[in-house]
Amino acid sequence: MSRDYQQFPDDENGNVLWQMFQDGDDLTEAHEIEFSIAFNEESQADRCALHLLKEEQKISLFQDEESDTLEWVITIFVYMEPSYEDIVDLEQWFTKIASEFGGVYDGWGCMAYVYDDIDDDDTPLTS
């Protein structure tokens, strides 16, 4: 299978989406994509979280106790089809918001949705 560089450009986002596609993930189905913003101070994270809630975003806020700096992390959950253009647009928006509140945009990820076909006798395929 040949990579379509229009759909999967040669950068970090394109590479992740291409890997998802190669793994059998249906990128035409909506996924819950998780975008993260990290903060050193709880007060900055709180202000940003409130702003995101006012922007009608679904979020979680937690203290990352495994981090060396005990950072605060906001995860924004966006239910969408994982297209390159939309992910880049959201990354730019979240990067802008992060900088407005003294945080750092920290990337995105999602669960892969890969389904096996069912045999004629309705027995799930195994590998």
| query | Among all residues two or more places apart in sequence or in another chain, which pass the side chain to side chain donor-acceptor pair (under 3.5 Å) test with Asn15? | reply | Arg3
| Tell me, do Trp72 and Leu61 make a side-chain contact under 4.5 Å, heavy atoms counted? | yes
| query | Are Phe39 and Trp93 co-members of a hydrophobic cluster defined by side-chain heavy atoms under 4.5 Å apart? | reply | yes
| request: Kindly say whether the aromatic ring centers of Phe8 and Phe21 come within a distance under 6.0 Å. | output: yes
| request: Just jot down the side chain to side chain donor-acceptor pair (under 3.5 Å) partners of Gln92, sequence neighbours excluded, or say none. | output: none
| remark: For Leu90 and Met80 the tightest heavy-atom approach is CD1-SD, 3.5 Å
| query | Going through the checks in order, is the side-chain contact (heavy atoms from CB on, under 4.5 Å) test met by Val16 and Ile87? | reply | CA-CA 11 Å; Val16 170; Ile87 287 173; over 6 Å; no
Please list, one pair per line, the donor and acceptor atoms closer than 3.5 Å that link side chains of residues 101-109 to other protein atoms, with sequence neighbours excluded.
residue : atom : partner : partner atom : Å
Tyr105  : OH   : Glu91   : OE2          : 3.1
Tyr105  : OH   : Gly107  : O            : 3.4
Trp108  : NE1  : Asn13   : OD1          : 2.6

| query | Where do Ile37 and Phe35 land on the side-chain contact (heavy atoms from CB on, under 4.5 Å) test, with the steps shown first? | reply | CA-CA 7 Å; Ile37 301 174; Phe35 297 87; over 6 Å; no
| Excluding sequence neighbours, so at least two apart, what forms side chain to side chain donor-acceptor pair (under 3.5 Å) with Thr95? | none
| said: Within the structure provided, determine whether Gln63 and Val73 are in side-chain contact (heavy-atom separation under 4.5 Å). | reply: no
Pair up each side-chain donor or acceptor in residues 43-59 with any protein partner under 3.5 Å, not counting sequence neighbours, and list the distances.
residue : atom : partner : partner atom : Å
Gln44   : OE1  : Glu41   : N            : 3.4
Gln57   : NE2  : Glu55   : O            : 3.3
Lys58   : NZ   : Glu32   : OE2          : 2.9

| said: Are the side chains of Ile74 and Ser60 in contact, using a 4.5 Å heavy-atom criterion? | reply: no
| Who are the side chain to side chain donor-acceptor pair (under 3.5 Å) partners of Asp10, not counting sequence neighbours? | none
| message | Closer than 3.5 angstrom, by distance alone: can the side chain of Asp23 be matched with the main-chain N or O of Asp25 as a donor-acceptor pair? | response | no
| Looking at side-chain heavy atoms only, is the closest gap between Phe94 and Ile76 below 4.5 Å? | yes
| task | Find out whether Met20 and Leu27 are in side-chain contact, i.e. whether some heavy atom of one side chain is under 4.5 Å from a heavy atom of the other. | result | yes
| message | Between Tyr84 and Asp11, do the side chains contain a donor N or O and an acceptor N or O under 3.5 Å apart? | response | yes
| query | Distance from Asp4 atom CG to Gln7 atom CD, nearest 0.5 Å? | reply | 5.5 Å
| query | After noting the C-alpha distance and the side-chain angles of Glu34 and Val78, does the key distance pass the side-chain contact (heavy atoms from CB on, under 4.5 Å) rule? | reply | CA-CA 6 Å; Glu34 299 177 6; Val78 180; over 6 Å; no
